[in-house]
Amino acid sequence: MTVPAYLIRRPGKPIDDILIADPHLTLGFTNGWATLKDANGICFAIPAHAGAHIERVDDIEADDIEEPAPTKE
């Protein structure tokens, strides 16, 4: 199964590229912000004036997604 995935690139800063993938991922635009939401809500947001390029890249299979590291509490 192919999973929705988005590549976020900041011009001139390739080290800051971010790939976000999740079976429930959606992209939205609200009040000058691009937001990526998963089943739990907004997981990433970037302001329009940041100049980022957001590209959908659905070539990731569900089995290739790693679970995030547990957070410290």
Side-chain angles (χ1 to χ4, degrees):
M1 175 175 83
T2 302
V3 174
Y6 290 89
L7 178 62
I8 297 100
R9 296 181 180 177
R10 291 184 54 200
K13 297 186 178 185
I15 194 127
D16 291 340
D17 289 356
I18 299 170
L19 177 65
I20 300 175
D22 186 88
H24 307 286
L25 195 62
T26 60
L27 173 64
F29 300 95
T30 307
N31 297 324
W33 287 79
T35 57
L36 289 167
K37 296 179 183 179
D38 62 13
N40 296 313
I42 294 174
C43 59
F44 184 83
I46 190 164
H49 71 272
H53 298 223
I54 301 173
E55 177 182 356
R56 187 162 178 170
V57 290
D58 289 354
D59 59 352
I60 296 174
E61 295 295 322
D63 295 340
D64 295 336
I65 298 176
E66 296 180 18
E67 289 295 321
T71 56
K72 294 180 180 179
E73 293 185 19

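From a predicted model like this one, the values you see are computed outputs, not experimental measurements.
Of all heavy-atom pairs between Pro11 and Gly51, the closest is CD-O, 3.0 Å. Here the closest non-hydrogen pair linking Val3 and Asp58 is O-OD1, 3.6 Å. Shown here for Ala39 and Asp22, the closest heavy-atom pair between the two residues is N-OD2, 4.5 Å.
Residues meeting the side-chain contact (heavy atoms from CB on, under 4.5 Å) test with Ala45, sequence neighbours left out: Trp33, Thr35, Ile42. Partners of Asp16 under the side-chain contact (heavy atoms from CB on, under 4.5 Å) rule, at least two apart in sequence or in another chain, are Arg10, Lys13.
Between atom CD1 of residue Ile20 and atom NZ of residue Lys37 there is a gap of 14.0 Å, rounded to the nearest 0.5 Å. Atom CD1 of Ile46 and atom CD1 of Ile18 lie 6.5 Å apart (nearest 0.5 Å). For the atom pair Leu7 CG and Arg56 CZ, the distance stands at 13.5 Å (nearest 0.5 Å).
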Could you list the donor-acceptor pairs under 3.5 angstrom formed between side-chain atoms of residues 23-30 and any protein atom two or more places apart in sequence or on another chain?
none

